[in-house]
Amino acid sequence: HSIYGIDRWSKDLLSVLPNGDVALCDPAHPEAAPVSLPQILEDLHERGIASPLVLRVKSFLEAEIQHLNDSFAQAIAKTGYRAPYRGVFPIKVNQQAQVVDRIVEFGRQYEYGLEAGSKPELVIALAHRLSKDALIVCNGVKDVEFVRLAILSRRLGFNTVIVLESPKEAEIVIETARALGVDPLLGVRVKLTNQISGKWQSSSGDRSAFGMNTDQLLRVVDRLRDEGLLHCLKLQHSHLGSQVPDVNDVRRAVTEACRYFTELTREGVPLTHLDLGGGLGVDYTGEQRATENSVNYTMAEYCANVVETVAYAMDEAGVEHPVLVTESGRAVSATSSMLIFDVLESTLYDAPDAPELEPDDHHLLKDLQAVSGYLVPERVQECWNDALFYRGELRALFRRGYVDLRQMARGERIYLNLMARIKEIAHESPQSGELDKELQKIADVYHCNFSLFQSLPDVWAIDQLHPIVPLQMLDQTPDRRAVLSDITCDSDGKMDQFILAGEIAPSLPVHSLPEDKPYYLGVFFVGAYQETLGDLHNLFGDTNVVTIDLRADGGFDLLHEQEGDTIAQVLSYVEYDPASCIATFRKMVDEAISAGGITANERKTLIDAYRASMNGYTYFE
Ligand code: PLP
């Protein structure tokens with residue numbers, strides 16, 4: 001199983017048991033027995049919870065929150081930094097109540113807060129009892145209602161910071177604060193000019209969508225001073241980006257942010273907090289390199305770099321060390337969830353045997369069959385060229401009517417059998433590296449019970465890579481290679497890039513599907529952004545979601561279960577009324593009875609079938 005590189009990317013959260021099961025390891029109790037994932041799935045199945053499902057692990061989420069806060073605390077102690085870290089979790093990264101509730105609960109010991117980028121997210125934040133010093137940072141576009149609620153929440157003791165995104169927004173805040181007679185807690189969003197590499201390059205630099213340039217910034221500072229509100233401006237927000245691959249980009253951007261901070265301080269702005277936004281990346285591939293899906297630093301290194309850079313810049317300018325804030329979302333929540341689905345069936349792209357030829361078969365079939373006669377490692381490329389050529393010719397003859405359907409089927413089967421043998425020889429021959437890679441792309445298609453568009457939208461939209469592994473049989477060598485196709489009727493709904501040990505491969509090593517039990521695949525690190533970005537393509541709805549806690553004895557406790565959407569629910573999202581659908585169907589059935597087309601007994605069967613579908617899961621059951 002070393003082919004999957006689990007040791008490289010799993011951050012010790014997974015292991016493989018001697019029976020080949022992938023198992024979850026409790027980071028809080030490394031001595032505890034790992035908990036078998038297939039066993040968890042079997043237990044859930046007995047309780048009536050089927051795949052596809054999202055599995056959330058409480059201790060995975062808690063471990064990341066702890067690691068982030070401890071890493072900052074350690075860097076602060078080591079550097080002699082004279083202010084604390086007060087992180088906030090950006091709700092948009094995973095808004096699910098189970099996740100946010102747990103983050104708030106576990107984060108209380110660290111005075112951990114929340115970031116809200118919209119009115120609904122502020123409403124969520126204000127439904128939590130945060131600790132005394134925890135922040136609520138409000139970003140994004142704000143109307144009067146948003147600003148009013150943020151200011152009024154101060155009366156309940158919330159440290160709600162309104163981050164001003166533009167001079168226009170500053171006017172809304174000035175007016176609303178005056179009308180309410182309550183001092184707001186303010187921040188300014190400063191646009192950094194430093195461009196950060198990686199997938200989210202455009203969210204940094206001059207042309208990024210949010211934040212103010214120097215001119216706008218000074219206009220806002222002057223307006224606040226004129227209005228007697230400058231004393232409320234406590235926080236500078238400079239968002240670094242998302243999934244920043246290179247730690248030296250972090251240093252450069254933080255240095256620039258500090259320049260603004262010290263200059264604003266010199267302008268008489270009483271700033272106390274420096275918020276560096278998101279950007280702390282996740283090493284999805286385990287490469288530990290500055291690539292789109294990996295990072296060249298650890299969480300501890302990121303924290304140390306931030307603390308050292310800020311300390312140095314502030315000391316040099318003679319400015320008090322500010323409270324450090326980050327809005328790390330991905331790094332906190334990605335590892336805590338996994339998507340699990342079963343494989344429904346496979347389409348194989350090779351055949352174990354070749355058919356006998358008929359006496360009057362076209363000579364192209366014989367040519368194709370003859371290739372196996374010279375199939376040796378030294379001539380494997382030649383054999384592959386010939387096989388492709390003869391099959392192409394055969395297809396052309398079929399299209400023109402010179403070869404019939406049965407001959408064509410025999411030809412395809414000979415080709416698929418050749419393919420199996422060519423793949424085998426190319427894989428074993430040291431001379432055929434490039435050919436082996438090319439043939440890996442012509443893999444089986446494993447048809448899977450999930451929707452890429454609903455559950456892994458970033459894979460579809462921005463080629464995000466997530467580790468994917470069969471959850472069982474890893475004590476056996478995988479005998480097939482496959483690309484994965486989802487259950488939607490969309491050819492875009494496929495996955496054909498896989499993280500393996502030491503490479504990104506065009507197909508995933510898998511096992512021939514067992515006949516007597518399900519074959520599950522797990523997609524890991526899906527706890528950030530995936531759940532609410534997903535859409536209803538083909539009306540496949542939310543999957544079942546289960547939150548578990550790992551027990552020291554190798555078992556687990558089911559903390560929460562959220563049933564996936566029923567068909568009635570997804571229909572109502574697209575403006576159908578399930579009751580009137582049932583009524584219309586029933587009317588058609590009654591008309592069929594009147595016309596003598598069906599019997600009264602069939603009427604019941606038909607209506608029951610329609611109603612059962614309406615209440616069923618949208619996925620293959
Ligand atoms: N804060 C702001 C303002 C953002 O726009 C984002 C995401 O891009 C984040 C925080 C979260 O970033 P990440 O998930 O990379 O930590």
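Remember, it's 1-based here, ligands and their atoms both numbered in the order they're listed. Bear in mind the structure is a predicted one, so any value in this text is a computation, not a measurement.
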message: Which label fits Phe341 and Phe450: parallel for a plane angle under 30°, tilted from 30 to 60°, or perpendicular past 60°?
response: parallel
task: Consider every N or O of Tyr529 and every N or O of ligand 1, then say whether any pair is closer than 3.5 Å.
output: yes
field: Gly329 N/O under 3.5 Å from ligand 1 N/O
entry: yes
- request: Examine ligand 1 and decide if any of its atoms is less than 4.0 Å from a heavy atom belonging to Gly279.
  value: yes
query: Can you tell me if Ser328 has a non-hydrogen atom under 4.0 Å from ligand 1?
result: yes
statement: Which of Val57, Val523, Val54 passes side-chain contact (heavy atoms from CB on, under 4.5 Å) with Met338? Answer is Val57
task: Check each of Glu327, Lys92, Arg189 against atom 4 (C) of ligand 1 and report the one with the nearest heavy atom.
output: Lys92
statement: Closest heavy-atom approach to atom 15 (O) of ligand 1 among Gly117, Ser242, Gly278 is made by Ser242
task: Please say which of Arg189, Glu121, His239, Glu115 ends up in a side chain to side chain donor-acceptor pair (under 3.5 Å) with Asn139.
output: Glu115
query: Are Arg82 and Asp315 close enough for a salt bridge, meaning some N to O gap below 4.0 Å?
result: yes
message: Could you check whether Arg178 pairs with Glu175 (Lys NZ or Arg NE/NH1/NH2 to Asp/Glu carboxylate O, under 4.0 Å)?
response: no
message: For the residue pair Arg330 / Tyr284, report whether a side-chain donor-acceptor contact shorter than 3.5 Å exists.
response: yes
- request: May I ask you to list the atoms of ligand 1 that are less than 4.0 angstrom from any heavy atom of Arg330?
  value: 13 (P), 14 (O), 16 (O)
- prompt: Relative to the heavy atoms of Gln243, which atoms of ligand 1 are at a distance of less than 4.0 Å?
  reply: 15 (O)
